[in-house]
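This structure is a prediction, so every number in the text was calculated from the model and none was measured.
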Amino acid sequence: MNTVPPDGAPRSNWFVGASWGEESGDQTLRFLQEGIWENGYDDRYLDRVRAMRAGDRIAIKSTYTRKHDLPFDNRGASVSVMEIKATGTITENPNDGKRVQVEWLAPQDPPREWYFYTNRRTIWRVTPSEWKTDGLLRFAFEGRSQDIDRFRSDPYWRERYGSDASERFHWTEFYEAVAEKLLAYRNDRRPLVEGIREIADRRPLLSYLQEKFSDGRVGPLTDICPFTAMGTFNRSVTGANRREIAAEMAELLGVQVPVPNSVDGIPFLNNQRSWFYSYAKSRGDGDIDALWRVFAAASRFVDSDQPERRAELAVAYDEATKVRGVAWNLSVGLFWAHPWDFVTLDVPSRSYLSDRLRLMLPGAGRQRPLDGESYLKLLDDLKIRFEEESYPVHSFPELSYEAYRARGSDNPPRTGNEDGELTDDNPSIPEVVPPLPPIEPYSIDDVLADGCFLERGEIERLIERLRTRKNLILQGPPGTGKTWIARRLAFALMGEKDEDKVRTVQFHPNLSYQDFVRGWRPAGDGRLELADGVFMEAIQNASENPAAKLVVVVEEINRGNPAQIFGELLTLLEAGKRTPGEAIELCYPDADGKRRPVHIPENLHVIGTMNIADRSLALVDLAFRRRFAFVTLEPKLGKAWRDWVVQEGGVDPERVEDIEHRITDLNERIAGDPSLGKQFRVGHSYVTPTHRIEDGATGDWFRQVAETEIGPLLEEYWFDSPERANEAVERLVAGW
């Protein structure tokens with residue numbers, strides 16, 4: 001049997017369920033009375049139970065979703081809740097995969113509720129790793145409170161529950177409400193069909209809802225699936241018409257949620273292919289029932305992701321994909337119904353997954369969608385990635401939104417089936433039509449709201465310099481936010497937050513002209529071929545989109561040899577030479593062997609960053625300097641910084657001035673050192689939390705920053721006098 005784990009092994013914590021389907025009932029009381037926890041399955045979780053060891057902590061949990069009576073503003077969205085019923089310590093494991101002995105503490109009365117970061121599986125193993133898991137373990141086993149605001153501000157939950165969430169995804173509440181109301185018609189669809197027919201009589205845009213029968217007759221709609229019902233207001237018509245039809249459907253269904261004003265990023269159907277099934281003359285007897293079955297299974301799965309419901313959905317999904325013509329579009333309907341829980345695999349989203357997220361769909365042919373299990377695994381994999389702060393997207397609605405932005409308006413909508421074939425007898429291929437990419441406005445107000453500590457006038461001057469000079473260098477001591485402000489200046493210059501219009505590259509000593517501009521690269525067949533680098537691709541993009549402003553951000557631009565890397569294009573960087581008349585030929589021809597003159601368009605801007613405290617770097621070439629405006633960023637500690645770190649970072653307001661005083665004192669000593677100077681000061685980024693600090697943790701956070709981030713920097717500064725670096729760190733944390 002298992003005993004206490006060996007020294008150094010990570011301690012596991014187990015969050016476990018106490019019921020195995022509706023028949024078993026809640027076994028919590030029995031477990032507490034018998035001093036055990038038991039696995040109710042004979043064919044599942046056996047290895048997990050065997051992995052439990054004496055000394056591991058265990059908690060009985062119940063997971064569900066709720067919309068009302070929450071201790072925070074959930075903005076009308078359903079919230080995942082995990083109830084902690086009891087906690088204890090495992091004392092013995094007989095290794096049968098079925099049960100463990102547990103020393104239970106008194107049950108939680110009433111049970112305590114934990115929000116957002118939950119897991120619906122029967123057994124969830126949690127080890128200390130990051131702030132989410134650490135917070136959960138303290139909540140469950142130490143009785144600490146949950147820092148709800150930190151979770152609401154996390155990228156994964158911000159768009160649904162955050163106090164500063166944008167309105168991009170307000171549409172999701174309406175779509176979820178429509179889906180919930182539609183579910184009631186599954187077993188009696190006559191009222192739904194009659195209601196939609198009545199709307200169609202008044203709305204010519206729904207005239208396509210006409211059946212075609214095997215005897216050649218054409219008549220009114222006789223049946224409908226939930227996805228086709230939702231498709232009535234998700235077709236390629238004007239936004240005003242979509243809203244009017246959505247309002248009609250809402251009245252029919254009794255939906256009280258307002259019709260959304262914006263439908264940016266929501267997949268919609270080709271007007272010629274707006275059914276999810278075939279006409280009566282060619283559809284199977286059970287086609288529409290199969291679509292209702294997967295619709296209902298998806299709703300149960302969202303409500304509780306238990307093994308039985310997961311398996312039920314996988315089977316229903318596979319059956320639904322057999323309906324003639326549905327294919328990939330089943331995922332579109334599931335996304336409409338539950339946009340936070342299912343990914344749409346329409347054409348733009350599949351392209352975004354492969355091209356931008358580098359996520360290839362397993363075994364996915366053009367006509368063959370994922371099977372149910374693969375689709376559910378894709379959901380799981382994406383949800384894990386969504387929780388990564390640096391991941392490009394953090395939810396399924398955001399993924400769809402960005403997919404349409406990436407697709408842009410220069411890809412004409414396709415009609416017909418996946419092979420481009422138009423078939424009048426099959427309306428069941430609802431091809432998605434890419435709309436114009438939505439715009440997310442971005443201005444100086446947004447730069448300030450994101451946490452910039454510069455004054456508005458300073459930001460205005462930076463943007464003006466970038467606009468007129470075309471090229472800008474942000475230099476300054478380490479930690480002054482050079483890269484951070486560079487990207488936001490780019491967005492503010494463009495007037496919108498569009499990642500596709502900003503290219504970022506980092507210079508280093510081994511970077512060459514061939515890498516950055518154009519050069520020979522190995523081809524797949526072993527030969528060499530001419531290929532454009534990042535900068536030539538940006539030039540081409542700017543030339544093809546003259547109405548758009550584009551920006552190339554070069555991080556640590558002085559780590560390479562800028563004059564050598566830019567080559568002959570260095571001359572063309574000048575603001576006065578951004579015309580075709582100044583074009584010159586490159587050292588290498590185009591891929592077809594022809595030499596075409598190149599010029600840098602007016603709408604392409606360059607922002608570089610330089611760390612002026614790095615003594616290993618050489619001075620920048622004077623010819624290069626002439627072509628850039630240089631701005632020095634200073635450490636910004638003051639009221640704006642204090643307000644931000646307290647309100648957004650969770651820093652203790654009673655200690656924030658002490659932190660400022662200690663960093664300011666350190667910077668004064670660095671600036672006064674003859675061997676260093678002002679350019680070696682420590683920037684404000686070091687003491688600006690990247691995540692919200694939990695209550696009472698300011699001291700621990702500051703000590704860690706001082707010892708593991710500022711300390712090594714000072715050791716590099718005073719490499720010939722390590723005692724000075726140690727003394728400076730000790731002064732920073734003295735009394736903390």
Side-chain angles (χ1 to χ4, degrees), residues 354-356 358 470-475 482-483 486-487 490 499-545 548-575 577-611 614 616-628 630:
S354 61
D355 298 344
R356 303 301 176 94
R358 304 299 180 190
K470 306 298 182 185
N471 313 307
L472 178 69
I473 295 292
L474 300 175
Q475 61 182 7
K482 297 179 289 295
T483 299
R487 294 185 64 79
E499 299 284 352
D500 291 334
K501 294 176 181 175
V502 180
R503 301 290 299 271
T504 302
V505 63
Q506 181 162 349
F507 277 13
H508 54 79
N510 292 326
L511 191 72
S512 67
Y513 172 92
Q514 289 75 15
D515 299 317
F516 188 62
V517 179
R518 179 180 288 170
W520 292 99
R521 316 272 175 80
D525 57 3
R527 295 181 299 106
L528 293 177
E529 63 179 9
L530 277 172
D532 287 341
V534 170
F535 198 58
M536 274 302 298
E537 290 175 352
I539 290 174
Q540 182 68 24
N541 194 5
S543 300
E544 294 173 355
N545 298 276
K549 293 183 176 67
L550 293 93
V551 179
V552 173
V553 176
V554 182
E555 296 187 23
E556 302 191 67
I557 197 167
N558 56 332
R559 278 197 168 274
N561 184 331
Q564 183 182 66
I565 293 171
F566 277 92
E568 63 273 311
L569 292 182
L570 180 62
T571 299
L572 303 184
L573 277 175
E574 285 189 40
K577 296 184 178 181
R578 299 293 192 95
T579 67
E582 297 287 345
I584 60 176
E585 293 183 1
L586 301 185
C587 295
Y588 296 101
D590 292 348
D592 59 5
K594 295 183 179 180
R595 293 186 178 273
R596 297 178 178 89
V598 173
H599 80 284
I600 300 177
E602 285 272 358
N603 59 320
L604 180 61
H605 302 73
V606 179
I607 304 177
T609 68
M610 285 176 50
N611 180 2
D614 194 334
S616 65
L617 304 179
L619 293 176
V620 175
D621 181 88
L622 289 178
F624 181 80
R625 281 186 172 274
R626 287 200 309 270
R627 289 162 173 83
F628 281 79
F630 282 72

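For the atom pair Leu474 CG and Thr609 OG1, the distance stands at 7.5 Å (nearest 0.5 Å). Taken from CZ in Phe624 to CG in Asn561, the straight-line distance is 10.0 Å, to the nearest 0.5 Å. The CD atom of Gln506 lies 11.5 Å from the CD1 atom of Ile557; values are rounded to the nearest 0.5 Å.
No side-chain heavy atom of Phe535 sits less than 4.5 Å from a side-chain heavy atom of Ile565. Counting heavy atoms from C-beta outward, Phe628 and Leu472 have side chains that stay 4.5 Å or more apart. Side-chain atoms of Arg625 and Ile473, non-hydrogen and from C-beta on, never get closer than 4.5 Å to each other. Put simply, the side chain of Met536 reaches to within 4.5 Å of the side chain of Leu586, judged on heavy atoms.
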Exercise for the section: Given salt bridge (charged side-chain N to carboxylate O under 4.0 Å, His left out), test Arg626 with Glu574 step by step and report yes or no. Expected result: CA-CA 8 Å; Arg626 287 200 309 270; Glu574 285 189 40; 5.6 Å; no
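Evaluation of the side-chain hydrogen bond (donor to acceptor under 3.5 Å, both in side chains) rule for Glu582 yields no partner, not counting sequence neighbours. For Ser512, the side-chain contact (heavy atoms from CB on, under 4.5 Å) test picks out Gln514, Asp515, with sequence neighbours left out. For Lys470, the salt bridge (charged side-chain N to carboxylate O under 4.0 Å, His left out) criterion is met by Glu602, not counting sequence neighbours. Residues meeting the salt bridge (charged side-chain N to carboxylate O under 4.0 Å, His left out) test with Arg578, sequence neighbours left out: none. Scanning for salt bridge (charged side-chain N to carboxylate O under 4.0 Å, His left out) contacts around Lys501 gives Glu496, Asp498, with sequence neighbours left out. With sequence neighbours left out, Asn603 forms a side-chain hydrogen bond (donor to acceptor under 3.5 Å, both in side chains) with no residue at all. For the side-chain hydrogen bond (donor to acceptor under 3.5 Å, both in side chains) test, no residue two or more places apart in sequence or in another chain qualifies with Thr571. Under the side-chain hydrogen bond (donor to acceptor under 3.5 Å, both in side chains) criterion, Glu555 pairs with no residue at all, not counting sequence neighbours. Among residues two or more places apart in sequence or in another chain, the side-chain contact (heavy atoms from CB on, under 4.5 Å) test is passed with Arg595 by Glu585, Pro589. Under the rule for a salt bridge (charged side-chain N to carboxylate O under 4.0 Å, His left out), the partners of Asp590 that lie at least two apart in sequence or sit in another chain are Arg518, Arg596. Under the ring-ring contact (aromatic ring centres under 6.0 Å, His included) criterion, Tyr513 pairs with no residue, sequence neighbours left out.
Heavy atoms only, all atoms of each residue included: His599 and Leu572 are closest at CA-CD1, 3.9 Å. Heavy atoms only, all atoms of each residue included: Val551 and Leu604 are closest at N-CD1, 4.4 Å. Closest of all the heavy-atom pairs between Ala548 and Leu550 is O-CD1, 3.5 Å. Between Val606 and Val554, the shortest heavy-atom distance links the atoms CG1-CG2, 4.3 Å. The two residues Val505 and Val552 make their nearest non-hydrogen contact at CG1-CG1, 4.5 Å. Nearest heavy-atom pair, Leu569 versus Val517, reported as atom, atom and distance to 0.1 Å: CD1-CG1, 3.8 Å.
Below 30°, between 30° and 60°, or above 60°: for Phe566 and Phe516 the angle between ring planes is above 60°, a perpendicular geometry.
Annotation: salt bridge (Lys or Arg N to Asp or Glu O under 4.0 Å) contacts involving residues 536-545, sequence neighbours excluded, comprise Arg503-Glu537.
In terms of modelled atom types and a separation under 3.5 Å, the side chain of Asn471 and the main chain of Arg627 share a donor-acceptor contact.
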